Amino acid sequence: MDKPTLPKGTRDFGPAQMSKRLLIINTIRKVFEKYGFQPLETPAIENLTTLTGKYGEEGDQLLFKILNSGDFLKDTTADTLATGDWKQLTHAISEKGLRYDLTVPFARYVVMNRHEITFPFKRYQIQPVWRADRPQKGRYREFYQCDADVIGTDSLICEAEIILMIKEVFNALGITDYSINMNHRAILSGLGQLTGSKENESSLFIAIDKLDKIGEDKVKEELRGKGFSEANLNSLFEVLNFKGDTKNKIEFLSKKFANSPPGQKGVSDFKEVRSLLASYGANEEHLDFNLALARGLSYYTGCIFEVKINNVSIGSVSGGGRYDNLTGGFGLPGVSGVGFSFGVDRLYDAMEELNLFPEDAQVSSRVLVSHLDEECRRFALKTVYALRKEGIASEVYPDNTKLKKQLEYADRKKIPFVIVIGSDEMKSGNLTLKNMKTGEQYLRTLAEIIASF
RNA sequence: GUGAAUGUAGUUCAGUUGGUUAGAACGCCAGAUUGUGAUUCUGGAGGUCGCGGGUUCGAGCCCCGUCUUUCACCCCA
């Protein structure tokens with residue numbers, strides 16, 4: 001028997017990690033619910049017809065496909081095999097796949113349940129997704145996303161509330177140094193017009209998205225290689241290099257895009273989001289209108305977001321945007337949606353790097369009831385029952401063993417209090433309560449102990 | 001998917017130009033006149049050197065393949 005291993009890019013989460021993960025997930029869930037989002041879960045497995053074509057050609061290749069059950073070759077002819085056309089063969093032997101994100105399954109759900117859903121529909125979804133990517137630090141093949149989407153309204157209140165939710169979650173997690181980068185698909189189109197790139201638009205977006213990573217010179221170099229003229233590059237970087245607060249930036253863009261209808265639309269959306277935030281009484285801290293931000297997922301059409309934590313070696317921990325026609329592919333056109341997603345795994349990595357998890361994050365009993373002999377152990381059962389009845393997480397050491405071993409157990413499992421039951425305690429009714437952190441111990445009745453928790 | 005590194009006790013790492021029985025620290029287990037953990041002392045266990053082939057009298061070390069992790073590209077949480 002070979003040593004067991006895990007598939008590439010997957011991980012186990014032990015109790016210590018799960019405690020921290022749950023801290024993140026529960027924080028996000030609470031914020032989502034506070035903003036009126038309702039829970040939804042969808043299957044891990046979707047039909048490939050649902051998934052393919054939604055993420056672009058690159059995305060399709062990152063889909064995990066599931067081999068048909070039974071004789072999956074029964075409809076395959078020798079001819080198909082002989083052609084070596086793997087795409088066609090894949091189509092023949094696999095009709096299901098693992099979900100790649102939570103947005104597309106959500107769109108599928110909305111279309112299937114459109115008559116029962118009350119619009120605008122606000123749902124949140126916290127589930128794992130799978131991508132056949134090549135793993136690296138902060139990139140896994142199985143990871144959790146926490147999505148919140150609103151579908152069925154154009155209102156930019158949704159965008160503003162996304163910003164508010166991000167701030168609340170980060171505040172609750174103790175993350176202080178981060179930026180919420182926001183851009184607009186229409187602004188990007190405006191930039192495309194400005195630089196005279198029609199067919200080259202996507203190479204333009206891919207290049208400028210790397211700006212903060214590789215720097216201006218390398219971006220220019222890449223764009224020259226794609227045939228952009230020096231004049232066009234200059235007008236592009238005149239916009240990208242504009243320094244100033246959001247207000248000044250909007251004024252500047254407004255002039256720049258005077259002759260660009262998409263550019264105008266983007267600028268007016270920015271303005272509106274700012275004005276909405278002000279009406280909430282919220283400030284613009286952490287918010288940055290980053291014109292170089294270009295998210296790859298092709299279904300975005302309006303505002304796009306990406307959140308980065310500063311000074312950590314992890315990519316973006318959250319991202320999202322508005323999509324005007326996500327349900328169109330499922331036969332329900334003209335419904336606008338907007339949503340975003342937190343990446344639990346990356347938040348975890350970042351918080352670990354920044355040392356932001358509290359010491360007592362570990363999920364464990366509050367009390368261990370220890371005992372010195374069989375009679376005491378019986379007495380301990382009564383004690384733990386009484387503690388649990390009061391809602392105090394507690395456990396009895398199951399075996400008759402030395403007190404030393406029982407205390408070691410409590411120490412390792414980070415159980416903060418130990419009740420020691422010996423013959424003296426049983427006789428007097430005064431139990432020994434030991435504080436494992438300070439080492440202090442007192443004699444207390446069970447009622448007193450319960451009252452102190 | 002393309003290109004490049006990496007892998008040695010549970011963990012972090014040593015290991016000489018290929019040469020006897022592969023080491024350390026921490027951790028783990030047991031004990032230090034039996035009702036006290038985390039600190040101290042003593043002793044002990046634990047490795048198919050990622051896995052599979054090859055070269056060699058001889059491989060942890062060299063070669064090939066494979067898997068893992070990591071880095072760049074691509075993309076993204």
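The analysis underlying the following values was restricted to heavy atoms, covering all of them including side chains, and did not include hydrogens, waters or symmetry mates. In the text below, chain A, chain B and the rest are named by the order of the sequence lines, each starting its count at 1. Source: prediction; values computed, not measured.
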Checklist entry - When the P atoms of B:rA22 and B:rC73 are considered, how many whole Å apart are they? => result 44 Å
Checklist entry - Can you tell me how far P in B:rU8 sits from the matching atom in B:rG44, rounded to whole Å? => result 27 Å
What protein N or O atoms touch nucleotides 48-50 of chain B N or O atoms at under 3.5 angstrom, if any, and at what distances?
none

Item to check | Exercise: do A:Asn325 and A:Thr301 side chains pair donor with acceptor under 3.5 Å | outcome: no
Next on the checklist: Whole angstroms only, please: what is the CG-P distance between A:Leu62 and B:rC76?
Outcome noted: 9 Å
Checklist entry - When every nucleotide of nucleotides 31-44 of chain B is labelled 5' to 3' by its protein contacts under 4.0 Å (heavy atoms), B for base, S for sugar-phosphate only, - for none, what sequence of letters results? => result S---BBBS------
Next on the checklist: Is it true that, when you exclude A:Phe13 itself, more than 12 heavy atoms of the residues, nucleotides or ligands shown sit nearer than 6.0 Å to its CZ?
Outcome noted: yes
Checklist outcome for this item: Residues passing the salt bridge (charged side-chain N to carboxylate O under 4.0 Å, His left out) test with A:Glu57, sequence neighbours excluded, are A:Lys87
Checklist entry - Distance between the C1' atoms of B:rU21 and B:rG60, in whole angstroms? => result 15 Å
Next on the checklist: If the condition is side-chain hydrogen bond (donor to acceptor under 3.5 Å, both in side chains), which residues does A:Glu216 pass it with, not counting sequence neighbours?
Outcome noted: A:Lys220, A:Asn241
Checklist entry - In whole Å, what separates the C1' atom of B:rU33 from that of B:rA38? => result 24 Å
Next on the checklist: Can you measure A:Ile25 atom CD1 to B:rA77 atom C1' for me and round it to whole angstrom units?
Outcome noted: 13 Å
Item to check | Pairwise P distance for B:rU6 and B:rG23, with rounding to whole Å | outcome: 25 Å
Item to check | Structure string for RNA chain B in dot-bracket form, Watson-Crick and G-U at under 3.5 Å, | interchain | outcome: (((((.(..((((.....[...)))).(((((.......))))).....(((((..]....)))))).)))))....
Item to check | For A:Lys402, all residues meeting salt bridge (charged side-chain N to carboxylate O under 4.0 Å, His left out), sequence neighbours excluded | outcome: none
Checklist entry - What interatomic distance, in whole Å, is found between P of B:rG18 and the corresponding atom of B:rC61? => result 11 Å
Checklist entry - Parallel, tilted or perpendicular for A:Tyr348 and A:Phe357, by the 30°/60° rule? => result tilted
Next on the checklist: Tell me every residue that passes salt bridge (charged side-chain N to carboxylate O under 4.0 Å, His left out) with A:Asp269, counting only those two or more places apart in sequence or in another chain.
Outcome noted: A:Lys265
Next on the checklist: Distance check needed: B:rC76 P versus A:Asp345 CG, whole Å only.
Outcome noted: 18 Å
Checklist outcome for this item: Residues at least two apart in sequence or cross-chain that pass salt bridge (charged side-chain N to carboxylate O under 4.0 Å, His left out) with A:Arg99, listed by chain then number, are none
Checklist entry - Looking only at heavy atoms, which two atoms of A:Met436 and A:Asp411 are closest? And how far apart? => result CE-N, 4.0 Å
Next on the checklist: Please encode protein proximity along nucleotides 68-74 of chain B as a string of B, S and -, counting only heavy-atom distances under 4.0 Å.
Outcome noted: SSSBBBB
Checklist entry - Just wondering, more than 12 heavy atoms not from A:Met18 lying within 6.0 Å of its CE? => result yes
Item to check | Least distance between heavy atoms, A:Arg141 atom then A:Asp133 atom | outcome: NE-O, 2.8 Å
Next on the checklist: Going by side-chain contact (heavy atoms from CB on, under 4.5 Å), name the residues that satisfy it together with A:Asn171, two or more places apart in sequence or in a different chain.
Outcome noted: none
Item to check | Whole angstrom value for the distance that separates P of B:rA77 from CD of A:Glu353 | outcome: 20 Å
Checklist entry - How far does the C1' atom of B:rU17 sit from the matching atom of B:rC62, given to the nearest Å? => result 12 Å
Next on the checklist: Measure CG/A:Leu63 against C1'/B:rC75 and give the value in whole Å, please.
Outcome noted: 13 Å
Checklist entry - By side-chain contact (heavy atoms from CB on, under 4.5 Å), which residues pair with A:Asp399, not counting sequence neighbours? => result A:Tyr397
Checklist entry - What interatomic distance, in whole Å, is found between P of B:rG50 and the corresponding atom of B:rU11? => result 13 Å
Checklist outcome for this item: Here the ring pair (Phe, Tyr, Trp, His ring centres under 6.0 Å) pairs for residues 128-170 of chain A, sequence neighbours left out, are A:Phe170-A:Tyr178
Checklist entry - Which whole-number value in Å describes the distance from A:Lys308 NZ to B:rC76 P? => result 12 Å
